[in-house]
Each structure stands twice: as C-alpha cells, then as structure tokens.
Amino acid sequence: MEKSVNSNKILFFGITKDITGLSELYLNLEGKSIATFKEELTLKFPKLKLLSSLNIALNHEYVPLDLIISLGDEIALIPPVSGG
Amino acid sequence: MEKSVNSNKILFFGITKDITGLSELYLNLEGKSIATFKEELTLKFPKLKLLSSLNIALNHEYVPLDLIISLGDEIALIPPVSGG
Amino acid sequence: MKNLVQLVDSIDLDSVISFVSNTSCGAVSIFLGTVRSHTKEKAVKKLLFEGYAPMAIKQMELIIAESNELYGIEKMAIQHVLGEKYVGEQVVAIAASAPHRQNAMDACTFAIDTLKKRVPIWKKEFFDDGAIWVSSHP
Amino acid sequence: MKNLVQLVDSIDLDSVISFVSNTSCGAVSIFLGTVRSHTKEKAVKKLLFEGYAPMAIKQMELIIAESNELYGIEKMAIQHVLGEKYVGEQVVAIAASAPHRQNAMDACTFAIDTLKKRVPIWKKEFFDDGAIWVSSHP
C-alpha cells in the first residue's frame with residue numbers, strides 16, 4: 001500500500017530493520033489491536049520471535065497491547081533499546 | 001616559646017583562630033597525650049568548649065585522644081569542617 | 001521547571017552544565033557516557049546509534065518530569081548522540097541541579113537508568129569480524 | 001590507580017574530566033559544588049575557604065583510595081578551591097570513571113559525602129550584617 005491518509009505508517013528500528021528488510025511500511029490497520037498487529041507481523045517475519053522483547057509504540061508512546069489502532073496513528077517496532 | 005627543633009608547631013584554623021587569636025603557636029608538648037593537650041588548651045580558651053566538636057590532628061592525620069605527642073610532631077586544631 | 005533535551009551529533013558538555021547551573025542551587029550532578037574500547041574482551045571499532053527521534057525526545061522529557069517529581073530538582077539537561085561514534089567519544093550527558101546534593105545525584109542516577117530502559121535509541125557495535133545490535137541480537 | 005588531588009584558586013572542570021576519562025571505561029560521574037545565593041533565606045555576599053593544605057591533600061587521597069576499595073573505580077579526581085568565592089562560582093569538582101556506571105556514581109557520592117565530613121577545609125559565609133564559620137559557629 002502506498003503512503004496515504006488511508007493508511008498507518010509503520011516504522012522499523014535497529015534489528016527489526018535487519019530482520020524484516022524494511023524501514024517503513026504503510027498499511028491500513030484501522031480497528032486492529034496492537035496485539036493483533038504484532039501477531040500478524042510475527043507470522044510474516046517469524047525471526048521477530050527470537051527477540052527478548054518487542055514493544056510496539058503508537059504515536060511516540062508505549063501503549064497497552066489491547067489498544068485499538070485508528071487511521072493515521074503512527075506505529076513503531078521497538079526492539080530492546082540500548083542507548084546511553 | 002620561639003620556633004625551634006625543641007618544640008611542637010600548633011596550627012589553628014577557622015573559628016579556632018578567631019577564638020584564640022592565634023594562627024600558629026610553638027610549645028613543647030613532648031610526652032603529653034592529645035587528650036591532655038586539648039584539656040589544657042580548653043582551660044586557657046574556654047570558648048573552645050562551645051564548638052560542637054574539636055578534633056586534634058597530628059602530622060596531618062586524625063589520631064586517637066590517648067596518643068602521646070613526640071617532639072617535632074605537628075599539631076592542628078580541627079573545628080567542624082565545612083568544605084564542599 | 002525548565003529542561004533541555006537534545007539529540008546531537010556531538011556532546012557539548014559545557015552547554016549541558018551551563019544550562020542547569022543556577023545560583024539558587026549548590027549542587028550539580030553529571031553523568032557522562034563514553035564509548036568503551038572493549039565489550040566482553042572484544043575490541044570495539046565503532047558504534048552506530050540509531051534513534052526514533054520524536055519518541056526519544058518525548059521519553060527524555062518524561063524522564064525529566066519524573067525526576068523532578070521524585071527528587072525535586074531545579075533543572076535537568078539530557079543530550080544523546082545519534083550516528084557513528086568511536087572509542088573514547090562521548091555519547092550521552094545528563095546533568096541535574098538541586099539545592100541539595102543528594103537530590104541532584106539521585107535524579108542523575110534515575111535518569112540514566114531509565115534512559116537505558118525506555119528511550120528508543122539503539123546501539124550497533126562494530127568489531128573486526130562483524131557487528132551486532134546491542135541487547136537485541138537473538 | 002592514578003588520581004588527581006588539587007587545591008586551586010579556580011576549578012578547571014575540563015582538566016578534572018579529562019583526567020578520569022579513559023577508553024576502558026564507559027562511565028564518568030561528576031559532582032560539582034557551587035556557591036548558592038542564599039543560606040536559610042539570607043543573601044550570601046561571598047564565601048571564604050580556608051584549608052589545612054597538606055592534611056586536606058592527604059585526606060582527599062585517602063578518600064580516593066577508599067572509593068577505589070569500595071567501588072572499584074578506574075580513576076578519580078578531586079579539586080577544591082581555597083580563597084574567596086562569589087555566588088555562582090564553582091568550589092569543588094569530583095569526577096570518577098569506572099567500567100560500569102553504578103560504581104562511578106556511588107564512588108562520586110561517597111567522595112563528596114566523606115569530603116564534607118573529613119577534609120580540613122572551612123567555609124566562612126559573608127552576609128550584609130556579618131560573617132560566620134559554617135557548622136562551627138557556637
């Protein structure tokens with residue numbers, strides 16, 4: 001899907017970029033929960049399961065897994081952070 | 001007593017300088033304990049008793065009160081410190 | 001409370017310290033992170049820091065707000081680098097000022113501990129025989 | 001372990017940080033003390049620091065040795081001023097480096113706490129209506 005107002009922008013960082021070969025992706029995730037999105041993505045890229053943790057951020061915040069995604073929300077894959 | 005090899009140098013710092021009006025003093029303290037020196041000094045300058053603490057240093061170290069002073073030892077009055 | 005939060009190419013420690021210094025405060029605590037030459041006895045060639053910039057800024061601002069709530073600091077500044085860094089270079093600087101030193105020091109400790117747990121920045125270590133994403137590699 | 005211990009006219013923070021920085025260490029913790037504008041709501045005009053120099057140096061060296069024994073630091077530097085200092089000026093700087101940050105931060109806290117208890121330096125505070133030796137005044 002191309003970038004459009006009818007989609008969600010999904011960002012990949014660190015090792016998730018290497019695993020998926022993607023840095024950005026546009027999908028319509030409207031109405032899906034964070035948990036469902038994560039499950040579907042992991043089915044497509046099983047290597048994501050190997051990470052010790054994988055958080056999903058929504059609009060620059062850590063959110064609970066049962067949160068429902070709205071159109072326009074920015075999603076990001078947050079593998080274990082290692083700043084500092 | 002004048003400064004000589006037959007004496008002990010006694011140094012006064014901070015408020016003890018104000019109380020005694022002295023910054024240096026030379027006395028022969030050979031054979032006296034730190035406790036005795038402190039007692040005699042306090043008799044001479046009773047205002048020293050008003051301090052919340054008064055340590056006596058010998059040769060740049062904190063020492064126990066029963067230590068015996070030798071000729072040539074450098075003594076210093078250490079009122080409550082307030083560096084930093 | 002005012003704060004300074006920046007993602008930078010190079011740490012400017014003077015600006016971090018100047019920002020928090022204040023005549024109503026007697027104490028400034030500073031933490032400085034640098035690139036180590038070795039990780040588990042393997043020689044490090046360089047590091048690459050990648051960040052999710054807007055979220056990283058937001059999370060660092062949150063850390064300052066929490067530091068203030070927990071420790072009553074006067075000001076705090078956090079600078080973190082993105083990009084390539086070599087051995088000995090500075091990668092993160094955190095400074096906190098407070099009227100009393102224990103608060104400034106506790107806030108600084110809390111901030112770096114929390115930054116390492118929560119701020120979306122990732123470090124790739126390059127060795128002679130390859131590279132890994134720290135903490136992430138399966 | 002190498003250390004740097006100095007009584008100075010003015011703090012040189014760069015030299016303190018450079019001294020402890022080390023490619024085998026990822027963490028530097030720094031404490032910086034400055035002159036506050038007020039003490040118990042009284043405006044401070046200036047401070048005077050007096051020290052028993054040889055004993056102060058010896059005690060600061062002892063603090064570094066103990067910090068190393070307790071926390072396994074790599075390097076530590078302590079600078080303290082003597083003489084007159086005005087509001088906002090730096091009066092003490094302590095820096096510690098260690099392979100791991102908690103050790104550097106704990107050592108820095110221990111060092112400033114112990115310095116304030118044990119190092120023979122005295123601070124006289126000058127106000128509009130007089131002056132007192134801090135902690136000492138009957």
Side-chain angles (χ1 to χ4, degrees), chain C residues 11-14 16-18 20-41 43-47 74 85-116 123 125 134, chain D residues 11-14 16-18 20-41 43-47 74-75 85-113 115-116 123 125 134:
Chain C
I11 297 295
D12 178 359
L13 191 59
D14 285 344
V16 167
I17 295 175
S18 302
V20 302
S21 296
N22 194 295
T23 60
S24 71
C25 289
V28 176
S29 180
I30 304 149
F31 177 80
L32 191 58
T34 58
V35 182
R36 293 173 65 179
S37 57
H38 287 78
T39 294
K40 292 171 192 153
E41 289 168 22
V44 172
K45 279 172 62 185
K46 66 172 182 182
L47 299 183
E74 181 76 19
K85 287 289 144 187
Y86 291 83
V87 171
E89 286 193 279
Q90 302 174 345
V91 300
V92 61
I94 299 179
S97 59
H100 298 288
R101 71 184 183 283
Q102 198 56 52
N103 297 30
M105 293 189 291
D106 288 347
C108 220
T109 303
F110 170 80
I112 181 65
D113 287 351
T114 310
L115 181 147
K116 284 180 176 260
K123 175 163 51 190
E125 282 180 330
V134 177
Chain D
I11 297 295
D12 178 359
L13 191 60
D14 285 346
V16 167
I17 296 174
S18 302
V20 302
S21 295
N22 194 295
T23 58
S24 70
C25 289
V28 176
S29 180
I30 303 149
F31 177 81
L32 191 58
T34 58
V35 181
R36 295 173 65 179
S37 57
H38 289 76
T39 293
K40 293 170 192 154
E41 289 169 22
V44 172
K45 278 172 63 186
K46 66 172 182 182
L47 300 184
E74 181 77 18
K75 283 184 174 183
K85 286 288 144 186
Y86 291 84
V87 171
E89 286 192 277
Q90 302 174 345
V91 300
V92 60
I94 299 179
S97 60
H100 298 287
R101 73 184 182 282
Q102 198 56 54
N103 297 29
M105 293 189 293
D106 288 346
C108 221
T109 302
F110 169 80
I112 181 64
D113 287 351
L115 181 149
K116 283 178 176 261
K123 176 163 51 190
E125 281 180 332
V134 177

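Chain letters run A, B, ... following the sequence lines, proteins first, then strands; residues in each count from 1.
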Q. Looking at S21(D), P99(D), G88(D), which makes the most heavy-atom pairs under 4.5 Å with chain C?
A.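 Most heavy-atom pairs within the cutoff with chain C belong to P99(D).
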(Q) Taking 4.5 Å as the heavy-atom cut-off, does anything in residues 23-33 of chain D contact chain C, and if so which residues? (A)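 The list, in residue order, reads T23(D), S24(D), C25(D), G26(D), A27(D), V28(D), S29(D), I30(D), F31(D), L32(D), G33(D).
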Q.
Please output the residues of residues 102-109 of chain D in contact with chain C, using a heavy-atom cutoff of under 4.5 Å, in numerical order.
A.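 Residues of residues 102-109 of chain D touching chain C at under 4.5 Å: Q102(D), M105(D), T109(D).
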Q) Taking only residues two or more places apart in sequence or in another chain, which ones pass side-chain hydrogen bond (donor to acceptor under 3.5 Å, both in side chains) with E125(C)? A)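 side-chain hydrogen bond (donor to acceptor under 3.5 Å, both in side chains) list for E125(C), sorted by chain: T39(C).
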Q. Tell me, which pairs form a salt bridge (charged side-chain N to carboxylate O under 4.0 Å, His left out) where one or both residues lie in residues 24-38 of chain D, sequence neighbours left out?
A.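 Pairs touching residues 24-38 of chain D that pass the test: none.
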(Q) Take a 6.0 Å sphere around NE2 of H38(C) and say whether it holds more than 12 heavy atoms from other residues, nucleotides or ligands. (A)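 Counting other residues, nucleotides and ligands, NE2 of H38(C) exceeds 12 neighbours.
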Q: Over all heavy atoms of both residues, which pair between V87(C) and V44(C) is shortest? Give the atoms and the distance, please.
A: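 Looking at all heavy atoms of both residues, the shortest contact is CG2-O, 3.5 Å.
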Q: Might you point out which heavy atoms bring Y86(D) and K46(D) nearest each other, and give the distance in Å?
A: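 So the minimum-distance heavy-atom pair works out to CE2-CB, 3.5 Å.
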Q. Is it the backbone or the side chain of I94(D) that comes under 4.5 Å from a heavy atom of chain C, or both, or neither?
A.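 Nothing of I94(D), per the 4.5 Å heavy-atom cut-off to chain C.
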**Q.** Distance (rounded to the nearest 0.5 Å) between D14(C) CG and D14(D) CG
**A.**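 Reported to 0.5 Å precision, the distance equals 5.5 Å.
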Q: Check each atom of D113(C) against the heavy atoms of chain D and say whether the ones under 4.5 Å are side chain, backbone, both or neither.
A: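 Contact with chain D is through both the backbone and side chain of D113(C).
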**Q.** Heavy-atom donor-acceptor pair, S97(D) side chain to V20(D) backbone, under 3.5 Å
**A.**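 Yes, the answer is positive, given that a donor and an acceptor are paired below the 3.5 Å cut-off.
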